[in-house]
Novice: 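What follows is a single structure, and I will ask about it in a moment.
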Protein chains: 4
Amino acid sequence: MNRNRPKYKQIIDAAVVVIAQNGYHQAQVSKIAKQAGVADGTIYLYFKNKEDILISLFYEKMGYFVEQIEDEIKETMSAAEKLLVMIRKHFQILASDANLAIVTQLELRQSNLELRERINDVLRDYLKIVDTIILEGKESGEFLSNLDVRLTRQMIFGTIDETATTWIMNNQKYSLPELAESVHQLLLGGCGSKI
Amino acid sequence: MNRNRPKYKQIIDAAVVVIAQNGYHQAQVSKIAKQAGVADGTIYLYFKNKEDILISLFYEKMGYFVEQIEDEIKETMSAAEKLLVMIRKHFQILASDANLAIVTQLELRQSNLELRERINDVLRDYLKIVDTIILEGKESGEFLSNLDVRLTRQMIFGTIDETATTWIMNNQKYSLPELAESVHQLLLGGCGSKI
Amino acid sequence: MNRNRPKYKQIIDAAVVVIAQNGYHQAQVSKIAKQAGVADGTIYLYFKNKEDILISLFYEKMGYFVEQIEDEIKETMSAAEKLLVMIRKHFQILASDANLAIVTQLELRQSNLELRERINDVLRDYLKIVDTIILEGKESGEFLSNLDVRLTRQMIFGTIDETATTWIMNNQKYSLPELAESVHQLLLGGCGSKI
Amino acid sequence: MNRNRPKYKQIIDAAVVVIAQNGYHQAQVSKIAKQAGVADGTIYLYFKNKEDILISLFYEKMGYFVEQIEDEIKETMSAAEKLLVMIRKHFQILASDANLAIVTQLELRQSNLELRERINDVLRDYLKIVDTIILEGKESGEFLSNLDVRLTRQMIFGTIDETATTWIMNNQKYSLPELAESVHQLLLGGCGSKI
DNA sequence: CATGAATGAGATTTCATTCAT
DNA sequence: CATGAATGAAATCTCATTCAT
């Protein structure tokens with residue numbers, strides 16, 4: 001189960017392609033093996049079972065997300081700026097890999113609850129970045145000091161996620177990264193009501 | 001396929017219970033029939049196939065959602081108030097039926113894409129209410145006049161949905177309706193940043 | 001189970017139509033009831049079960065066959081002439097009722113062995129006519145005196161049946177009755193070999 | 001779907017046994033698998049579906065028929081002799097495999113029309129042999145020069161088939177091959193009428 | 001390390017027949 | 001006599017996983 005050997009990544013990449021092209025429920029292990037150019041049995045030398053492929057897929061790809069985003073925001077100053085950079089990067093990564101976008105936004109969500117809970121574990125790192133930004137904003141006075149961190153995180157993640165999902169469901173027919181600024185504005189100022 | 005005879009609703013209610021208790025993939029037709037107190041074959045006098053049960057379930061229950069919400073908001077004045085009433089009602093309905101909450105927020109999302117597209121059709125009525133509120137808010141000057149309706153709708157729906165899903169994933173261990181006001185504040189004013 | 005009441009024949013005629021149009025395996029009792037203009041349950045006031053409909057159908061229709069043929073041949077003189085009249089009448093009846101032809105030549109043969117044995121019982125009257133003609137021909141010196149009756153009957157019936165079935169399988173696109181004379185010649189003289 | 005591996009023939013032979021012993025409609029895939037000594041799923045590594053087993057069965061066995069008959073008649077001289085050899089071989093093969101006889105003469109005919117049309121395709125090779133014999137007989141002057149090839153073929157095939165079927169329906173209680181000569185005489189000379 | 005043939009559990013759906021009205 | 005809603009048994013096929021080579 002060495003995850004450094006070339007076949008490990010080979011199989012994960014094959015899974016992304018197969019799921020994106022065939023859908024979650026039509027992504028049989030044998031198809032993934034074929035796409036990866038290995039025998040069915042070989043899959044089980046690198047992954048415990050099928051679920052393990054999917055979790056690993058999410059782990060590897062989401063890890064890249066987190067890395068990329070952390071990389072970019074550490075050079076920015078304000079919380080608001082960090083939020084913008086995060087949204088933009090998130091959208092850019094999805095836009096740059098159509099298959100990955102389909103897999104993470106649509107297909108993997110058809111998995112059973114158990115798998116989705118495992119996926120949530122992986123998501124936690126991402127959500128930690130969001131929390132950090134919120135806390136920083138509250139402390140610096142950029143954001144309201146009475147923001148509920150959990151709810152705000154749910155707003156930020158829910159909005160980004162829904163925006164990305166809608167974009168996929170519309171067959172990616174418009175530019176997602178170009179929406180980053182507007183989404184950022186929305187999250188900062190909401191509907192703009194003077195409460 | 002008469003949807004007025006008592007067994008029609010009886011079977012749908014049985015489906016909600018069985019799916020909530022066993023999970024989407026363990027909700028066999030025979031279990032639903034047993035729970036409904038009818039024979040397996042009887043299901044097929046009222047529904048074309050298993051998928052039809054699930055679509056009908058969503059259609060009936062979401063129809064109730066829309067009805068209830070429309071009922072309540074027509075007596076309120078401002079767009080902001082309408083938004084609050086909508087969120088509160090949404091959360092109240094989910095909180096009042098634990099099984100329904102699990103089914104609509106978690107289980108039904110494991111269905112295949114085709115079914116999910118049918119479900120999206122049903123959702124459209126709900127999203128229309130959101131759009132109406134946004135437009136009204138823009139026109140009355142309550143909301144920013146330059147709000148992008150689609151993005152704003154995605155923020156509102158994404159936030160509500162994410163909040164509800166998180167609540168379910170945490171086993172409904174806190175009061176969802178009590179969050180309505182805070183979520184409302186968030187959606188109106190965002191992070192509160194002076195942009 | 002009174003077979004004189006109008007609904008008895010009504011149901012049998014409906015069965016012929018339904019089987020001819022939908023095929024044996026798609027001829028459900030409910031379809032036959034609908035075509036006959038009665039309720040499903042009414043079928044069981046006139047027939048013991050579905051098989052009984054099919055046997056009765058064959059019995060009634062084949063009875064008509066035998067009646068018609070006996071009627072015509074009693075006025076003819078020689079065995080050879082009788083054979084010709086029989087073949088011609090057989091082909092005429094099939095050609096005059098496309099549905100009946102399909103049902104007896106193709107569809108009813110898909111029935112299970114038990115039903116087919118019952119059908120063979122009904123066929124026996126028809127085969128008796130054939131036997132009578134053969135015996136008469138042998139006695140009168142028209143036919144070879146050493147003909148094996150059983151084998152000759154199998155040749156006559158097999159040839160007529162195969163000719164009719166081929167005609168149906170070719171969508172009745174040529175005139176079956178016009179073949180009667182040639183078939184008659186063949187049966188009388190075979191391949192014409194001087195043995 | 002490799003038809004050379006031993007399990008391919010193993011499954012087909014199992015199907016013959018199971019169908020002969022249980023009847024067409026009681027020949028479940030699981031029974032065939034058990035008889036073949038393989039798992040249910042293994043069937044589907046060699047056959048597309050259940051229908052494919054039956055078509056393949058007929059194809060393989062009828063292919064053997066045609067091969068055997070062609071082998072024998074190429075050494076005979078006259079058309080009449082060839083006809084005799086063909087009938088005799090046909091009857092011998094059926095008599096030598098009681099199960100195969102039941103399956104091809106009775107059980108497989110209960111299949112639906114679609115399957116039977118596929119079976120007819122396979123039969124075509126057999127009928128071609130018949131046609132060749134008839135043409136040869138006409139040209140050599142052994143047979144009448146004005147024989148209609150199609151009708152004569154229907155007489156020959158219809159007679160052979162009916163004779164075989166009757167033999168099966170009588171539980172193979174007499175020797176079928178011993179009838180070959182009489183059937184041959186009948187086909188050559190018909191009822192023997194001087195027309 | 002790698003292969004790929006073999007396994008076998010499990011669920012949807014149909015439709016002949018019944019029986020309360 | 002007539003109805004038609006309800007019953008419930010039964011079978012094909014898929015696919016994740018294993019293990020002998």
Side-chain angles (χ1 to χ4, degrees), chain A residues 1-2 5-7 11 25-34 36-54, chain B residues 1-2 5-8 11 25-34 36-53, chain C residues 1-2 5-7 11 25-34 36-54, chain D residues 1-2 5-8 11 25-34 36-53:
Chain A
M1 306 239 186
N2 187 333
R5 282 174 303 177
K7 282 188 185 166
I11 291 166
H25 289 289
Q26 280 306 304
Q28 293 88 350
V29 171
S30 59
K31 264 190 200 144
I32 296 173
K34 196 172 198 179
V38 300
D40 293 16
T42 305
I43 299 268
Y44 292 85
L45 298 174
Y46 294 87
F47 300 90
K48 218 169 57 236
N49 49 34
K50 187 181 178 182
E51 193 178 52
D52 190 29
I53 307 176
L54 305 177
Chain B
M1 308 241 186
N2 186 335
R5 282 175 294 177
K7 281 186 186 163
Y8 178 79
I11 292 166
H25 289 290
Q26 279 305 306
Q28 294 89 348
V29 171
S30 59
K31 268 190 198 144
I32 296 174
K34 198 172 198 175
V38 300
D40 292 18
T42 305
I43 300 269
Y44 293 87
L45 297 177
Y46 295 88
F47 301 91
K48 223 171 47 238
N49 49 35
K50 188 179 177 182
E51 193 179 53
D52 190 30
I53 307 177
Chain C
M1 305 236 189
N2 186 333
R5 283 174 303 176
K7 282 187 184 166
I11 291 167
H25 289 291
Q26 280 306 304
Q28 293 88 351
V29 171
S30 60
K31 264 191 200 144
I32 296 174
K34 195 172 199 178
V38 300
D40 293 17
T42 304
I43 299 268
Y44 291 86
L45 298 174
Y46 294 88
F47 300 91
K48 220 167 58 235
N49 50 34
K50 187 181 179 180
E51 193 179 52
D52 190 28
I53 307 176
L54 305 177
Chain D
M1 306 240 187
N2 187 334
R5 282 175 297 178
K7 282 189 184 161
Y8 179 79
I11 291 166
H25 290 290
Q26 279 307 304
Q28 294 88 349
V29 170
S30 60
K31 267 190 198 143
I32 296 174
K34 197 171 198 179
V38 300
D40 292 18
T42 305
I43 300 269
Y44 293 87
L45 297 176
Y46 295 89
F47 300 91
K48 225 174 43 240
N49 49 35
K50 188 181 176 181
E51 193 179 51
D52 190 30
I53 307 177

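No experiment lies behind these values; they were computed from the predicted model shown. Each chain gets a letter, A, B and so on, in the order the sequences are listed, and its residues count up from 1.
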Novice: Under a 3.5 Å cut-off for both distances, is dA20(F) Watson-Crick or wobble paired, and to whom?
Specialist: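 dT3(E) is the nucleotide pairing with dA20(F).
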
Novice: Name the residue closer to the 5' end of DNA chain F, choosing between Q28(A) and Q26(D) according to the nucleotide with the nearest heavy atom.
Specialist: Q26(D)

Novice: Could you pick out which residue, A39(D) or S30(B), lies toward the 5' side of DNA chain E when each is mapped onto its nearest nucleotide?
Specialist: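 Between the two, 5'-proximity favours A39(D).
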
Novice: Nearest-Å distance, CD1 (I43(D)) to P (dT14(F))?
Specialist: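 I43(D) atom CD1 is separated from dT14(F) atom P by 13 Å.
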
Novice: Is there a side-chain polar atom (N or O) of Y44(D) under 4.0 Å from OP1 or OP2 of dA6(E)?
Specialist: no

Novice: Tell me which nucleotide, if any, is Watson-Crick or G-U wobble paired with dT14(E) when both distances must be under 3.5 Å.
Specialist: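 By the stated definition (distances under 3.5 Å), dA9(F) pairs with dT14(E).
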
Novice: Roughly, in whole Å, what's the span from CG in N49(D) to P in dT14(F)?
Specialist: 9 Å

Novice: Any base atoms under 4.0 Å from V29(B), or only sugar-phosphate, or nothing? Heavy atoms, all strands.
Specialist: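 The residue V29(B) makes base contact.
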
Novice: Check every atom of dC13(F), dT3(F), dT7(F) against the side chain of L45(C) and return the nucleotide holding the closest atom.
Specialist: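 Closest of the options to the side chain of L45(C): dT3(F).
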
Novice: Taking 4.0 Å as the cut-off, does a side-chain nitrogen or oxygen of K48(B) come that near to OP1 or OP2 on dT13(E)?
Specialist: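 Checking K48(B) against dT13(E): no side-chain N or O falls below 4.0 Å of OP1 or OP2.
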
Novice: Please figure out whether G41(C) or K50(A) has its closest DNA chain F nucleotide nearer the 5' end.
Specialist: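 The residue whose closest nucleotide sits nearer the 5' end is G41(C).
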
Novice: Would you confirm whether K31(B), through its side chain, and Q26(B), through its main-chain N or O, come within 3.5 Å as a donor-acceptor pair?
Specialist: yes

Novice: I need the CD1-C1' distance between I32(D) and dA11(F), as an integer number of Å.
Specialist: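 After rounding, the reported distance stands at 12 Å.
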
Novice: Rounded off to whole Å, could you give me the NZ-to-C1' distance for the K7(C) and dT3(F) pair?
Specialist: 10 Å

Novice: Nearest-Å distance, NZ (K31(A)) to C1' (dA16(F))?
Specialist: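 Spelled out: NZ on K31(A) to C1' on dA16(F) is 14 Å.
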
Novice: For H25(C) and for D40(A), locate the closest nucleotide of DNA chain E by heavy-atom distance; then report the residue assigned to the nucleotide nearer the 5' terminus.
Specialist: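 Nearer the 5' end of the strand: D40(A).
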
Novice: Please report the closest heavy-atom contact between I11(B) and F47(B), naming both atoms and the distance.
Specialist: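 Minimum heavy-atom contact is CG2-CE1, 3.5 Å.
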
Novice: Starting at atom OH of Y46(C), determine the distance to atom P of dT3(F), rounded to an integer number of angstrom.
Specialist: 9 Å

Novice: When you compare the side chain of V29(C) with that of Y44(C), does any pair of heavy atoms fall below 4.5 Å?
Specialist: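 Y44(C) vs V29(C): side chains touch.
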
Novice: Restricting to non-hydrogen atoms, name the atom on Q28(B) and the atom on K50(B) that form the minimum distance, rounded to 0.1 Å.
Specialist: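 Nearest heavy atoms, Q28(B) then K50(B): CA-NZ, 4.3 Å.
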
Novice: Whole Å only: how far is the NZ atom of K34(D) from the P atom of dA6(E)?
Specialist: 20 Å

Novice: Locate the shortest heavy-atom distance separating I32(D) from A27(D); write the atom from each residue and the value.
Specialist: CD1-O, 4.1 Å

Novice: Taking atom P of dC15(F) as reference, at what distance in whole Å does atom CD1 of I53(A) sit?
Specialist: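 In whole Å, dC15(F) P lies 15 Å from I53(A) CD1.
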
